[in-house]
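Beneath this line is the structure, given in structure tokens, with notes to follow.
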Amino acid sequence: MSDLDHPDGVICPGGPLLLRGDHVVTDAQGRPHRTTRPVSAVCRCGKSSRQPWCDGTHKVLPPQARP
Ligand code: FES
């Protein structure tokens, strides 16, 4: 089994980037945020109120506004 079978990052079409394991994510202001869960969802739509994490807001966006 290789890393390709269990990647650290998986992009959800129209939604977040799911990160597995320990990582540091930098927000738009350059502040680092360490992951604290086994799997963390990173916002890709830019509309989450919990940046850089996904809060589910992408689900209510029109399809053309989703990442
Ligand atoms: S991707 Fe889910 S709120 Fe942005």
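Both counts, for ligands and for their atoms, begin at 1 and track the order of listing. For this chain, numbers begin at 1 and follow the sequence in order.
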Flag side-chain contact, heavy atom, 4.5 Å: [X] against [Y]:
{"X": "Leu19", "Y": "Val42", "answer": "yes"}
{"X": "Ile11", "Y": "Arg44", "answer": "yes"}
{"X": "Asp8", "Y": "His23", "answer": "yes"}
{"X": "Ser40", "Y": "Leu18", "answer": "no"}

Exercise. Do side-chain atoms of Asp55 reach the backbone of Ser49 as a donor and acceptor pair under 3.5 angstrom?
Worked result: yes
For this session: Using atom types as modelled and distance alone, determine if a side-chain donor or acceptor of Arg66 lies under 3.5 Å from a backbone N or O of Lys59.
Result: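 Yes, the answer is positive, given that a donor and an acceptor are paired below the 3.5 Å cut-off.
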Those atoms of ligand 1 less than 4.0 Å from some heavy atom in [X]:
{"X": "Pro16", "value": "1 (S)"}
{"X": "Arg44", "value": "1 (S), 4 (Fe)"}
{"X": "Cys45", "value": "1 (S), 3 (S), 4 (Fe)"}
{"X": "Ser48", "value": "3 (S)"}
{"X": "Asp55", "value": "3 (S)"}
{"X": "Thr57", "value": "3 (S)"}

For this session: Please state whether the separation between atom 4 (Fe) of ligand 1 and some N/O/S atom of Cys43 is under 2.8 Å?
Result: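 Yes.
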Exercise. Of the protein's non-hydrogen atoms, which lies at the shortest distance from atom 2 (Fe) of ligand 1, and what is that distance?
Worked result: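 The closest heavy atom on the protein side is His58 ND1, 2.2 Å.
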